[in-house]
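First the proteins, then the strands, lettered A, B, ... as listed; each starts at 1.
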2 protein chains.
Amino acid sequence: MDVGSSLQNRVPRKRRKMQRVTMMDVAKLAQVSPSTVSLYLRKPAAVSPAAGQEIARAISTLGYVPNLVAGGLAAASSKVVSIIVPSIRNAFFAETVSTLQSELAAEGLQVILGHSEYGEEQEEALVRTALAWAPAAVVLTGLSHSAETRKLLQASGVPVVEMWEIGGNPIDMAVGFSHPQVGASAARHLLSKGRRSLAFLGARMQEDHRAAKRANGFAEEAKRTGHATCEVINHPGAATVEAGSLLLNRALQQVPNLDAIACSNDLIALGALFECQRQGLAVPDKIAVAGFGDLDFSASCIPSLTTIRPSGDLIGKEVARLILAGIHGAQPTGPSRIIDTGHVLVERRST
Amino acid sequence: MDVGSSLQNRVPRKRRKMQRVTMMDVAKLAQVSPSTVSLYLRKPAAVSPAAGQEIARAISTLGYVPNLVAGGLAAASSKVVSIIVPSIRNAFFAETVSTLQSELAAEGLQVILGHSEYGEEQEEALVRTALAWAPAAVVLTGLSHSAETRKLLQASGVPVVEMWEIGGNPIDMAVGFSHPQVGASAARHLLSKGRRSLAFLGARMQEDHRAAKRANGFAEEAKRTGHATCEVINHPGAATVEAGSLLLNRALQQVPNLDAIACSNDLIALGALFECQRQGLAVPDKIAVAGFGDLDFSASCIPSLTTIRPSGDLIGKEVARLILAGIHGAQPTGPSRIIDTGHVLVERRST
DNA sequence: ATGAAAGCGCTAACAC
DNA sequence: GTGTTAGCGCTTTCAT
C-alpha cells in the first residue's frame, strides 16, 4: 500500500484547489499505467478483464470523474456542440434544441447554448466564443449571417450545420425547409377556400428573415394566382398573442373586406382568434385564420387552428444525425449535405 | 529574425490538424513572449501600450481565437456554467435559461445545457458529465435530487445553485419560491370569491414534485380554512392544453357542483377554459379558473386568466448574480445564500 | 513591464 | 494488452 506516500508529492506548497482525483490516482490504485485507464475509459473491451475490474473498482472507490477539459485539449477537439438560436423562448427553437440535446447527449456530446436575439453582430460574437471551445460542430439558425461569421466558420474547419432554413447556399450543411414555400402553401390554401382579400400578419420581420420570407412567399403566390389582394403587416416587437390582437385590428383597418389572414406564428394567430371573438367576427365564416408552427394549443383552441407544421423535432433529429455521421467518419458530400424536412399544412376549423 | 526556424519544430512528422493559430504565433508576430500575450488578454492595462498595440495587431492579422479548453485546463476551472432543467420545452425554464444565458454571456461565461426530463437518474448522469467540465458553477432545478447527486456535487466543491424552489435545505445556494405557498395563495383567492367546491388540475405530478407541492398547498389551505371540498386530479402526461381539456372533464365528473379550479400550469388552464367554452360553462360565473405561470397568452385569452406569476426572469437574474458574486470572490454566507423571489397573484377575469 | 519555466489532466503514437 | 513518451495551448508563479 504505497498509495499514501505517492499521493503526497501531489500536494504543492502553493495553490491548493481541492485536489481533484485524477486518472493517475486511479491508475495507482488499480496498479496499472494511466494510459491503460484512459484506454479502458474509451474502449473497455481493449483491456484485459482483470485490469478492467481493478480499474472499475478504483474509479468507484475514488469517485473519479474524468476531466473533459483536459481530454478535449489532448484530443484537440472537445465533445461539445455549440448551438446558436435567436431565442430559446421561442417554442420552435426550444423544441429543436431539446431534441438535439437529447440525441447528442446519448453520444456523449454536450450542448453549449447561445442566443443571438436575431442580431448578426451578436451571432458573430457567439460564433467566436463557440469556436474557442474547439467544438465538434457548430449549429446555427438560418442562412443569413455576417460575412465575418461565415469567414470565421469556414476558416475553422469545424463542421457547421445551419438549420430551420434551406434555399440559399449553406456554409457547410443545412437542415430545414423553404420559407417562401410555406408562405405559398398558406396562400394557396386560403385562395382555395375562395378568399380574396388577404393579409399576412408577422412580427419582428425586420430582423426575422425567415418570417419575412414566409410573408413574401405568401404575397407573391397571392398576386401570382390572380385577382386577390394581399397586405403584409408587421409588428416590430416579438411574436406574441398580444401582438396578434394588435395586428388583426390593423389588418381590419387597412384591408377592405378582409376575409382571410395568415400569421407568421401560431401565437399571433391565437391572438387574432381571440380578437375576432371579442369583436364578434365569426371564424372561419367571416375571416379565415391560418397560422404557422402547430404549437401546443393549436389543435385545441376554438376554433381549432389551421396551421403549417414545420417539425422542429425532425430538424433536431436530422441535425444530430449529420453531426454524428461527421464525427463517426462518414463525410457525406453533395446533396446529402442539405436536407429538406418539408412542411405540412394541417387543415382545421379556422379555415 | 529567428522566427522561421523555431516555427519548424512545431510541425511534427505525424498528425497535422489544420494548425490552429495559437498564442505562440501571436507572440512571435508581436515580438513578445507568450506570457505577455496571455497577460494582455486578461488585463490589457498591465502591459505597455506599445506592446499592447503590437499584440492587438498580431491578433487581428492572424485571426487568433483563444482556446478556452486549454485555458480552462491551465486555470483549473473552465468558464462554463452547467444548467440542468427538466425540459427546455417548458416555457418557465426556457425563460429562466434564456435570461441566465444572457447574463452569464455578458461576463464571458458559457452555458452548457442538460435536460433531466424529470428523472433523478438522468439528472445524476447529467451532473456527472457537468462536473467533468470543471464548471464555474452548476445550476439545478428544484431541491429533490438523488443522494448520489448531492454527494457528487458536495464533493466537487463547485458552487451549486438550485432554482425554482425553496423551502427545503439546498446543497449550496437556492433561488426560487415556495410551491406550497403558491398553492395556498390560489386556494385563498378562490375561497375569497365564495367558491367551495374546488379541484386542482395538475399534470405529471408523479414526477414533477414542485407541481405536486402546489397541489398539496392548495388542498391543505382549502381544508384548513373550513367548509370547502377539494379534489386533486393528475394527468400522467405532460402539461398541455389538451391535458387541460381532459382534466376539466374528469373534474366535472368527480366533483359535484364544481365551482372553481386551480391548475398547475397556464397551459392546462387554457385547455380548461376552451373546454368550458365548448360545454357552455360560463367562466367565471359557473366555474372560476386560476392558472400558474402567467404565460404569454394568459392576459389576452377569453376570459383573461387569473394566474400566479413566478417570475422566471427574476430567478434567472438572481441565479446569475449569485454565480457571478462567487466568481468575483465575494462568498456570501448565511441567509443570503437562499433567495426568495416570491410569487404574485394576478387577478383577471377568469375568477 | 516582461519572460522563462513548470505544469493543468488527459490522449495518442509507438514500442514492448 | 500495457507502458512510455510527448505533447495539446494556455495560465501562473517567480525572476528579472
Side-chain angles (χ1 to χ4, degrees), chain A residues 9-28 30-55 59 62 64-79 108 131-134, chain B residues 6-7 9-28 30-55 59 62 64-79 108 131-134:
Chain A
N9 56 23
R10 272 192 46 244
V11 181
R13 37 242 158 289
K14 31 178 182 173
R15 180 167 39 124
R16 169 146 346 162
K17 268 250 160 193
M18 166 106 31
Q19 284 313 2
R20 181 176 181 131
V21 178
T22 73
M23 185 177 275
M24 206 170 156
D25 299 328
V26 174
K28 279 184 180 138
Q31 314 255 42
V32 296
S33 80
S35 53
T36 304
V37 177
S38 172
L39 188 60
Y40 170 78
L41 254 21
R42 279 168 300 111
K43 337 185 153 159
V47 307
S48 68
Q53 300 268 314
E54 282 306 306
I55 294 172
I59 286 177
L62 292 173
Y64 170 68
V65 177
N67 183 334
L68 291 176
V69 178
L73 180 58
S77 109
S78 63
K79 292 208 159 311
L131 290 178
W133 284 98
Chain B
S6 48
L7 260 175
N9 56 23
R10 269 192 50 244
V11 180
R13 37 241 157 288
K14 31 179 182 173
R15 179 164 43 122
R16 168 147 348 163
K17 267 249 163 193
M18 163 113 28
Q19 285 312 3
R20 184 179 176 127
V21 177
T22 73
M23 185 177 274
M24 209 174 153
D25 299 328
V26 174
K28 277 182 181 140
Q31 315 255 39
V32 296
S33 78
S35 47
T36 305
V37 177
S38 174
L39 188 61
Y40 170 78
L41 253 21
R42 278 166 301 108
K43 338 186 153 159
V47 308
S48 67
Q53 300 268 313
E54 283 306 305
I55 294 172
I59 285 176
L62 292 174
Y64 170 68
V65 177
N67 183 332
L68 291 176
V69 177
L73 180 57
S77 110
S78 63
K79 292 209 160 309
L131 290 178
W133 284 98

Whole angstrom is fine here: how far is it from [atom1] in [X] over to [atom2] in [N]?
X      : N       : atom1 : atom2 : result
L68(A) : dC8(D)  : CG    : C1'   : 15 Å
D25(B) : dG9(D)  : CG    : P     : 9 Å
M24(A) : dT5(D)  : CE    : P     : 13 Å
K79(A) : dC8(D)  : NZ    : P     : 20 Å
M23(B) : dT12(D) : CE    : C1'   : 12 Å
L39(A) : dT11(C) : CG    : C1'   : 10 Å

Counting only heavy atoms and a strict 4.0 angstrom limit, can you tell me which residues of residues 40-54 of chain A come near DNA chain C?
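When residues 40-54 of chain A is checked for heavy atoms under 4.0 Å from DNA chain C, the hits, listed by number, are R42(A).
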
Hey, is the side chain of T36(A) poking within less than 4.0 Å of OP1 or OP2 on dT2(D), counting only N and O atoms?
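Negative; the distance criterion is not met.
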
Short side-chain N/O contact from S38(B) to OP1 or OP2 of dT11(D), under 4.0 Å
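It does, given that an N or O in the side chain of S38(B) lies less than 4.0 Å from OP1 or OP2 of dT11(D).
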
Under the rule for side-chain contact (heavy atoms from CB on, under 4.5 Å), what residues qualify as partners of [X], not counting sequence neighbours?
X       : answer
S38(A)  : M23(A), R42(A)
A134(A) : R20(B)
P34(B)  : M24(B), A27(B)
I55(A)  : V26(A), A30(A), V32(A), T36(A), V37(A), Y40(A), I59(A)

Quick check: on DNA chain C, is the nucleotide nearest V65(A) upstream (toward 5') of the one nearest S35(B), or the reverse? Name the residue that is more 5'.
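Final value for this comparison: S35(B).
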
Would you classify V69(B) as touching base, sugar-phosphate or nothing, given that sugar-phosphate means primed atoms plus P, OP1 and OP2, and contacts are heavy atoms under 4.0 Å?
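Nothing, no heavy atom under 4.0 Å.
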
The criterion is side-chain hydrogen bond (donor to acceptor under 3.5 Å, both in side chains); which residues satisfy it with S78(A), sequence neighbours excluded?
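For S78(A) there are no side-chain hydrogen bond (donor to acceptor under 3.5 Å, both in side chains) partners, ignoring immediate neighbours.
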
